[in-house]
Amino acid sequence: MSGPANVEGVPVDTRHWIDGERVESATTFEDVSPIDETVIAEVSSGDVATASAAVGAAQSAFPAWAATSPADRAAVLHRIADGVEARLEDLARVETRDNGSLLRSHRRGVMPRVAHNFRYFADHLLTLSRDDFDTRGHRNHVSWDPAGVCAIITPWNAPLMLATWRIAPALAAGNTVVAKPPEWAPLTASLLADITAEAGLPAGVFNVLQGTGTLAGAPLVADPRVRRISFTGSVPTALSVGAAAAANLTPVSFELGGKSPLLVFEDADLDLAVDLAVEQFDNSGQVCLAAVRILVHESVMDEFTAAFLNRANRIRQGDPREEATEIGPLVSRDHFDRVAGFVSRAQRGGARVVLGGGPNDVLGGLYFRPTVFVDMLPGSEILCEEVFGPVLTLQSFSSEAEAVAMANDTDYGLAATLVTGDKARAERVSSELSAGTVWVNCFFVRDLQAPFGGNGRSGIGREGGTWSFDFYCDVKNTVFAPNGWS
Ligand code: NAD
C-alpha cells in the first residue's frame, strides 16, 4: 500500500495527487535509493484509469484557471515559490535520497532554482507582449491563449528542477497540468503537490500521476484531451511518445539526450580547460548537457591529458549527503549495468582505459568510477551513443576545421563547449557548431530567458523565456481593420 513514507525524516505521501486529493492505486512500485539500494517508499502505480482521472480533473479545472487574471495567476506562482523556499531543506534531502545527486548542490543551487522557475515565469507572464504592427493600415495584435491540459513527463537526473521549468510556464500561461514524475525518483513531485495546495492553487489545476512510463505515461500521452506534451528523456521513449502524440495531433516539446563535445584549442587557458573537463563528471555524468567527447589540439594534448587525469583521479566519490563528496552513485542497478555494458563493449572494441573503467570496489553498490577512454575506433559505439554515466572520451585534432568536423560528427546537437583565447576563433567556431547551446570558456550557465533545446536526436523545439509561452499557448494574431468603430 502506498501512503506516507518517511524519507530522511520528511513525511512524503506517495499516492497520486488528482483534483486536489490523494488517490491510491491498487498496486505500487518500489522506490529504491541509489545510495544504499534500500527501498525507501512504496509508490502508487498509475494506470489507464488513473491517467484518465488526472486528465479529466485537469480538463474540468481548465476554464476557471484560464479565466483567472494573469496577475492572480502570477501571485499564486510566487506563493508556490515561497513554499519551495520554506521547504528547501526537505526537498533537498528527499531528492538526494531518491536519486543520489549531491545534497549540497540541491541546497545551494538546484532547489533555489526550482523556486526561481516559478518566480521567473510568473514575472515573465506579466510582461509577455509583442508590439502591434501595421499591414496597410490594419493593426496586428499578438496574444497568447492558454492551450488546455499539458502532460509534463520528466526524467530522474534532476527531477524537480526539470519538471518545474515546464510546470511553471504551463501554469503561468493559464493551462492545467498532469505531471508524470520519473519512477526512479518520484518523491519531490509529491512534496510539490502539497506546496501548490498550500499556495492556494485550485484543485485540479496541478495533478501528479505516479507510475511507470509504460503503465502511466503511455495512456497519459495518448489521451486526446491532452493539448501539449512536454517530454524530457531518452530518444527511444520520445519515439513512442511522438507516435502517440501524432495520433491526436498533440504538439510536443522534446528535450532529449546528447553526446556533446568540449573543444580545447592550442590557445586555450589549460587550467580552465581542465576544470571544465573535470566538471563533466558532475552528477556522475548523468547530465544531458555533459560534454563527454573531449577534443584537444594535438600540440597541447600531452600537457592537457596529464593535468586532466591527475585532477580527475582525485575526484572524491562517496555518499552524496556528505559535504566533501564530489560525485555519488549511479541512479539504479539497471542503469549501472547499462553504463558498465558500454564500458566493457568499448574495451572489447579496442578502446583503451586511462582512468577508472569499472565499479568503485571500495564503495561497492552503485558507485562507478570516473572513466576516460582513448584510442576509440571512428564510429564506435562509445563515440556515438549516449552513456549517461561518468564516462568521457579523449581525442586529438590537428586543425580548427578538423575540430569542428569532429564536434559535429554526431546525431545529437544539444550543447557544445569550446575553450580558446582567441575571440575571432570563438565567434567563428561557435557559428559552425550544430548545437542548441554553445558555451565559450564556460559551462552550464543557463538563464531562464534563453532558448533551450537541441538539434537532431537531441530534441524538437525550444523552451525558456517567451519560447516557453509560444509552446504552452495557442498563439493568436488579431487583425483590426483601419475603418472606424460605429
Ligand atoms: P526515459 O526516456 O526512460 O524516461 C523519461 C520519462 O518518460 C520517465 O518519466 C518515464 O517514466 C517516462 N516514460 C517512459 N516510457 C514512456 C511512454 N511510453 N510514454 C510516456 N512516458 C514514458 O529517460 P530517463 O532514463 O528517465 O532519462 C535519461 C534521459 O533523459 C537521457 O537520454 C538524458 O539525456 C535525457 N535528458 C534530457 C534532458 C534535456 O533537457 N535535453 C535533461 C535531462 C535528461
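Read the numbers this way: they start at 1 and go in the same order the structure lists the ligands and their atoms. Numbers here are sequence positions counted from 1. Given the structure is predicted, the values throughout are model-derived calculations rather than measurements. Side chains are part of it too, since the values below use all heavy atoms of this structure and drop only hydrogens, waters and symmetry mates.
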- [ ] Give the residue and atom name of whichever protein heavy atom lies nearest to atom 16 (C) of ligand 1, and the separation in Å to one decimal.
- [x] Thr237 CG2, 3.3 Å
- [ ] Give the contacting part of Trp184 toward ligand 1: side chain, backbone, both or neither, where contact means a heavy-atom distance below 4.0 Å.
- [x] neither
Open item on the list: When you compare ligand 1 with Leu162, is there at least one nitrogen or oxygen pair between them that comes in under 3.5 angstrom?
Closed with: no
- [ ] Taking only heavy atoms of Asn157 into account, list the atoms of ligand 1 that are under 4.0 Å away from them.
- [x] 43 (C), 44 (C)
Open item on the list: Quick check on Gly459 - does any of its heavy atoms sit under 4.0 Å from an atom of ligand 1?
Closed with: no
Open item on the list: Tell me the contacting part of Leu256 for ligand 1: side chain, backbone, both, or neither, using a 4.0 Å heavy-atom threshold, strictly below.
Closed with: backbone
- [ ] Using a strict 4.0 Å cut-off to heavy atoms of Gly217, name the atoms of ligand 1 that fall inside it.
- [x] 19 (N), 20 (C), 21 (N)
- [ ] Nearest heavy atom to atom 1 (P) of ligand 1 wins, so pick from Ala185, Ala238, Ala290, Ser234.
- [x] Ser234
Open item on the list: What I'd like to find out is whether the side chain of Phe444 reaches to under 4.5 Å of the side chain of Val287, using heavy atoms alone.
Closed with: yes
TODO: Write out the residue and atom name of the closest protein heavy atom to atom 17 (C) of ligand 1, then the distance separating them to 0.1 Å.
DONE: Gly213 O, 3.5 Å
Open item on the list: If the cut-off is 4.0 Å to any non-hydrogen atom of Phe231, which atoms of ligand 1 fall inside it?
Closed with: 2 (O), 5 (C), 6 (C), 7 (O)
Open item on the list: Check whether Glu326 reaches the backbone of Arg316 with its side chain - one donor and one acceptor, N or O, closer than 3.5 Å.
Closed with: yes
- [ ] Might you work through the salt bridge (charged side-chain N to carboxylate O under 4.0 Å, His left out) test for Glu198 and Arg87, ending with a clear yes or no?
- [x] CA-CA 12 Å; Glu198 286 154 18; Arg87 298 206 62 189; 5.1 Å; no
Open item on the list: Using modelled atom types and a 3.5 Å cut-off, is there a donor and acceptor pairing between side-chain atoms of Arg293 and backbone atoms of Met406?
Closed with: yes
TODO: Identify, by atom number and element, the atoms of ligand 1 in contact range of Val241, meaning under 4.0 Å from any of its heavy atoms.
DONE: 19 (N), 20 (C)
Open item on the list: Below 30° counts as parallel, above 60° as perpendicular, anything between as tilted: where do the rings of His124 and Phe121 land?
Closed with: perpendicular
Task: Polar contact flag, side-chain donor to acceptor under 3.5 angstrom, Ser332-Arg338 - done: no
- [ ] Could you say whether the N/O atoms of Lys180 and ligand 1 ever approach to under 3.5 Å?
- [x] yes
TODO: For residues Val278 and Ala312, report the shortest heavy-atom separation together with the two atoms involved.
DONE: CG2-N, 4.3 Å
TODO: Could you check atom 5 (C) of ligand 1 against the protein and tell me its nearest heavy-atom contact, residue, atom and distance included?
DONE: Thr232 O, 3.7 Å
- [ ] Mark the output for Ser240 as yes if a heavy-atom distance to ligand 1 is under 4.0 Å, and as no if none is.
- [x] yes
Task: Short N or O distance, Thr212 and ligand 1, threshold 3.5 Å exclusive - done: no
Open item on the list: Has Glu183 got a side-chain atom pairing as donor or acceptor with Gly213's backbone, closer than 3.5 angstrom?
Closed with: yes
- [ ] Check each of Ala151, Pro155, Gly233, Gly453 against atom 35 (C) of ligand 1 and report the one with the nearest heavy atom.
- [x] Gly233
Open item on the list: For a 4.5 angstrom cut-off between non-hydrogen side-chain atoms, does Asn175 reach Trp65?
Closed with: no
TODO: Please determine if Arg457 and Glu386 form a salt bridge, counting it only when a charged side-chain N lies under 4.0 Å from a carboxylate O.
DONE: no
TODO: Using heavy-atom distances, let me know which of Glu255, Lys259, Arg338, Glu183 sits nearest atom 40 (O) of ligand 1.
DONE: Glu255
Open item on the list: Quick test: of every protein heavy atom, which one is nearest to atom 31 (C) of ligand 1, and how far off is it to 0.1 Å?
Closed with: Glu386 OE1, 3.4 Å
Task: Separation between CZ of Arg446 and CE of Met161, rounded to the nearest 0.5 Å - done: 5.0 Å
- [ ] May I ask you to identify, for His335, whether its side chain, its backbone, both or neither come under 4.0 Å of ligand 1 on a heavy-atom basis?
- [x] neither
Task: Region of Leu220 that comes within reach of ligand 1 [heavy atoms, distance under 4.0 Å] - done: neither
Open item on the list: For Glu89, is the CD atom crowded, meaning more than 12 foreign heavy atoms sit under 6.0 Å from it?
Closed with: yes
TODO: For the residue pair Trp184 and Asp334, establish whether any side-chain heavy-atom pair is separated by less than 4.5 Å.
DONE: yes
Task: Per-atom contacts of ligand 1 with Thr154, taking only distances under 4.0 Å to non-hydrogen atoms - done: 6 (C), 8 (C), 9 (O)
Open item on the list: Students should be able to answer this: which protein heavy-atom is nearest to atom 24 (P) of ligand 1, and at what distance?
Closed with: Trp156 NE1, 3.3 Å
Task: Min side-chain heavy-atom separation Ile80-Leu192 under 4.5 Å - done: yes
Open item on the list: Just to confirm my output: which protein heavy-atom neighbour is closest to atom 28 (C) of ligand 1, and how far is it?
Closed with: Phe388 CE2, 3.6 Å
Task: Sub-4.5 Å side-chain heavy-atom contact between Phe308 and Ile294 - done: yes
- [ ] Could you list which atoms of ligand 1 come closer than 4.0 Å to a heavy atom of Gly257?
- [x] 32 (O), 34 (O)
- [ ] Check ligand 1 against Phe452 and write out every atom of the ligand that is under 4.0 Å from a heavy-atom position of the residue.
- [x] 40 (O)
- [ ] Would you mind telling me if ligand 1 is within reach of the side chain of Ile153, the backbone, both or neither, using heavy atoms under 4.0 Å?
- [x] side chain
TODO: With heavy atoms of Pro182 as the reference, note each atom of ligand 1 found under 4.0 Å away.
DONE: 9 (O)
Open item on the list: Applying a heavy-atom cut-off of 4.0 Å, say which part of Cys288 lies close to ligand 1: side chain, backbone, both or neither.
Closed with: both
- [ ] Indicate yes or no for a side-chain donor-acceptor contact from Asn99 to the backbone of Asn157 under 3.5 Å, with no hydrogens or angles considered.
- [x] yes
